[in-house]
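Values below: every heavy atom of this structure, side chains too, minus hydrogens, waters and symmetry copies.
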Amino acid sequence: MRILQFLNITHNTLRIGLVSHIGQRRHQFFTRKIFNFEQTVREATNFRTYNSYSSKVEFNSLSASKVSNTNENDAVISTFDLFSIGIGPSSSHTVGPMRAAKKFIEELKQNNVFHKITRIRIDLYGSLALTGKGHGTPNAILMGLEGETPDEIDTAKIVPRIAQIYETEKHIIFHYHESLPIHPNGMRFIAFDEQGDCVASSEFFSTGGGFIIGETEIHENRKNIFRKNNNDLIKQKQNAMSSAFPFSTAGELLQICKRENMTIAQMVYQNELQWRSKGEIKKKVMEIWNIMDQSIRNGCLSTVEYLPGSLKVRRRAPGLYNKLLKDMYPQNSSNYTAIKNSLLQPLAAATRKSITVNVLDVISVYAIAVNEENAAGGKVVTAPTNGASGVIPAVLKYYLEFISEQSSEKEIMDFLFTSAAIGMLYKKRASISAAEMGCQGEIGVACSMAAAAFAAVMGGTLEQIEDAAEIGMEHNLGLTCDPIDGLVQIPCIERNALGGIKALGAAQLALRSRSVAKVTLDQVIETMRQTGIDMQTKYKETSQGGLAVNVPLC
């Protein structure tokens, strides 16, 4: 049992309506006063701190390994934890809170107290409070309380549903000057009965990339590895720490690949086979890529002029894409609209040879397209976060359209599995949360992942792939997160374009190098972690420093 006291709260609050349609009951949740109460905290029941799945797909003729090492210290994150489908604009401030709210409701039901609840209060702390409004956190929480998930929600229906919810009263409290001790992205859900007594309370932390963790789970697993959702709980518990080839460092990753005579992608695939069938893996990989590809198409072909929010940022991807078409097909300038839709797919070899392509323009257009979709609240893939979701799709699509001779599913799997392995290292040994690391933890990590993957599909050696990943991060060290007005727009959208360009540059340097790199990937990841710790809080997704305070909003 513990006592939680909420005394003398003077924080700014957002008054919103909350009507819950969960199950067959309709509840009105609202708070009219501040409570002092004693709360009985239930013991942690059935939520482990790792997300594992079952597996799927034919990949390089590999079969599932029978060897399993369940050493907790070497636990491996699934590819489909790093790459998951969600809605914009932020994986940590939108996707994570939505999942946390849904999980809270599920816990109330599992503990047979849901029927007693008439009021719920949500307290947001740290970065969630400071930039939550700009990141859509309140709306995401409300949708989560209604049982929605980031991957399945119909984004077109969010606005009218929120408008309906606003019809009744509710408080979401923003604690702008407080942070919960475990993580800067903290939130607390408190449920009350009809008499105003506290029935249950849970704290959750959104740790980047859509990952969430409960307070009690921190003590079970002190690593930065947390499950994104609660599907197949029984199967996950049985296999939570099971992987064919567990690794914790880049050195171990390369050592295993050399010993087993496998590529990085093949090794990751072997681990996925512990959790999913071959067919399931292939289906999910292609689903991830199709959403990435669709977000590029949606951004390039959008007819909406401005992004939502106070900044009134004009969408640039459609105009940049039209200009790219004119530059590539100057002879068809009067009829380039006829090929506008067809260009967003792999080009035939003869077509490639007949056009001039500026790789910087291509990468920029595709990355900006994805992040404008993200800023508009559309569906994107966390790669590894929403704020950095344009880098990997842009680089992969460039490869498939303008370099690959096959544009095959195998190449897509090679690219995504290689990048996932690099992302796992950052997630385990540092963080992919801008609230902890600044933007080096988002754009920097995405750049590192994309550089490694591009080097891999271009035929790089294990050492060259590691070198590409290291270069990608080394030149993003210290990158701050200072979004203007808390919106994932400026400088976030352009940073994705530059992140993709840097990734290609890093891969090119690594592929052309014949000497042994002086700086290892493990060393640069540790440097990134230390840099994030040393970085002032105002530069870590709080909108209290940098561009956020030096650029006028009007």
Side-chain angles (χ1 to χ4, degrees), residues 50-65 75-87 91 95 98-99 149-153 209-212 225-236 238-240 242-245 263-297 370 378-386 389 392-393 395-397 399-400 407-424 427 432 446 449-450 453 456-457:
Y50 183 75
N51 191 354
S52 59
Y53 298 99
S54 58
S55 165
K56 60 176 180 174
V57 82
E58 199 89 39
F59 184 65
N60 290 349
S61 302
L62 294 176
S63 59
S65 171
V76 178
I77 304 168
S78 170
T79 299
F80 306 110
D81 282 339
L82 283 171
F83 296 127
S84 64
I85 300 168
I87 62 170
S91 51
V95 175
M98 185 182 293
R99 287 179 172 141
T149 59
D151 57 328
E152 295 181 353
I153 190 170
F211 289 83
I212 60 169
I225 308 173
F226 311 122
R227 194 175 59 245
K228 284 192 174 182
N229 56 52
N230 301 319
N231 296 332
D232 303 323
L233 277 176
I234 295 177
K235 190 174 294 185
Q236 286 185 28
Q238 293 172 343
N239 300 309
S242 174
S243 59
F245 300 105
T263 65
I264 293 175
Q266 288 172 335
M267 196 214 69
V268 172
Y269 177 68
Q270 280 284 318
N271 285 336
E272 294 299 332
L273 283 172
Q274 308 305 302
W275 310 314
R276 285 186 165 86
S277 70
K278 294 179 179 181
E280 288 174 323
I281 295 174
K282 182 177 181 179
K283 180 182 177 182
K284 282 201 70 69
V285 167
M286 295 312 299
E287 180 184 15
I288 291 297
W289 167 240
N290 289 335
I291 293 296
M292 287 180 171
D293 193 34
Q294 189 61 50
S295 64
I296 293 176
R297 292 171 179 267
V370 174
K379 282 199 173 181
V380 296
V381 174
T382 60
T385 67
N386 281 29
S389 59
I392 290 173
V395 175
L396 176 52
K397 190 168 183 67
Y399 171 79
L400 294 174
S407 298
S408 66
E409 293 178 345
K410 176 188 177 300
E411 290 177 306
I412 294 172
M413 293 174 72
D414 277 336
F415 193 101
L416 292 180
F417 281 150
T418 302
S419 62
I422 303 303
M424 293 172 194
K427 180 64 180 172
I432 57 173
M449 294 168 65
V457 295

Task: Contact summary for Pro393 and Ile296, nearest pair of heavy atoms - done: O-CD1, 3.8 Å
Open item on the list: How close do Val370 and Ser389 get, counting heavy atoms only, and between which atoms?
Closed with: CG1-O, 3.5 Å
Task: Any donor-acceptor pair under 3.5 Å from Gln274 side chain to Gln270 backbone - done: yes
Open item on the list: For the NZ atom of Lys283 and the CD1 atom of Ile288, what is their distance to the nearest 0.5 Å?
Closed with: 12.5 Å
TODO: Grab the two heavy atoms, one from Ala383 and one from Ala446, that are nearest each other, plus how far apart they are.
DONE: O-CB, 3.7 Å
Open item on the list: Within the structure provided, determine whether Lys427 and Pro384 are in side-chain contact (heavy-atom separation under 4.5 Å).
Closed with: no
Task: Backbone of Gly86 reached by a side-chain donor or acceptor of Asp151 within 3.5 Å - done: no
TODO: Mind checking the NZ-NZ spacing from Lys410 to Lys282? Nearest 0.5 Å is all I need.
DONE: 12.5 Å
Open item on the list: If you compare all heavy atoms of Val268 against all heavy atoms of Ala421, which two are closest, and at what distance to 0.1 Å?
Closed with: CG2-CB, 3.6 Å
- [ ] For residues Val95 and Pro150, report the shortest heavy-atom separation together with the two atoms involved.
- [x] CG1-CG, 3.6 Å
Open item on the list: Just to verify, which of Ile412, Ile85, Leu416 counts as forming a side-chain contact (heavy atoms from CB on, under 4.5 Å) with Met292?
Closed with: Leu416
Task: Nearest-0.5 Å distance that lies between atom CG in Asp293 and atom CG in Leu400 - done: 8.5 Å
Task: For the student: nearest non-hydrogen atoms of Thr418 and Ala453, plus distance - done: CG2-CA, 3.9 Å
- [ ] May I ask you to decide if Thr263's main-chain N or O and Gln266's side chain share a donor-acceptor pair within less than 3.5 Å?
- [x] yes
Open item on the list: So does Glu272 get a backbone contact from the side chain of Ser78, meaning a donor-acceptor N/O pair under 3.5 Å?
Closed with: no
Open item on the list: For the backbone of Ser84 and the side chain of Thr382, can you confirm whether one donor and one acceptor N or O come within less than 3.5 Å of each other?
Closed with: yes
TODO: With rounding to the nearest 0.5 Å, note down the distance linking CD in Glu287 to NZ in Lys284.
DONE: 5.0 Å
Open item on the list: Any heavy-atom pair between the side chains of Ile87 and Met98 that's under 4.5 Å?
Closed with: yes
- [ ] Enter the distance from Ile291:CD1 to Phe83:CZ here, rounded to the nearest 0.5 Å.
- [x] 14.0 Å
Open item on the list: Could you tell me if the side chain of Phe417 sits less than 4.5 Å from the side chain of Val285, heavy atoms only?
Closed with: yes
Open item on the list: With a 4.5 Å cut-off on side-chain heavy atoms, are Ser295 and Lys379 touching?
Closed with: no
TODO: For residues Val381 and Trp289, determine if any side-chain heavy atom of one lies less than 4.5 Å from a side-chain heavy atom of the other.
DONE: no
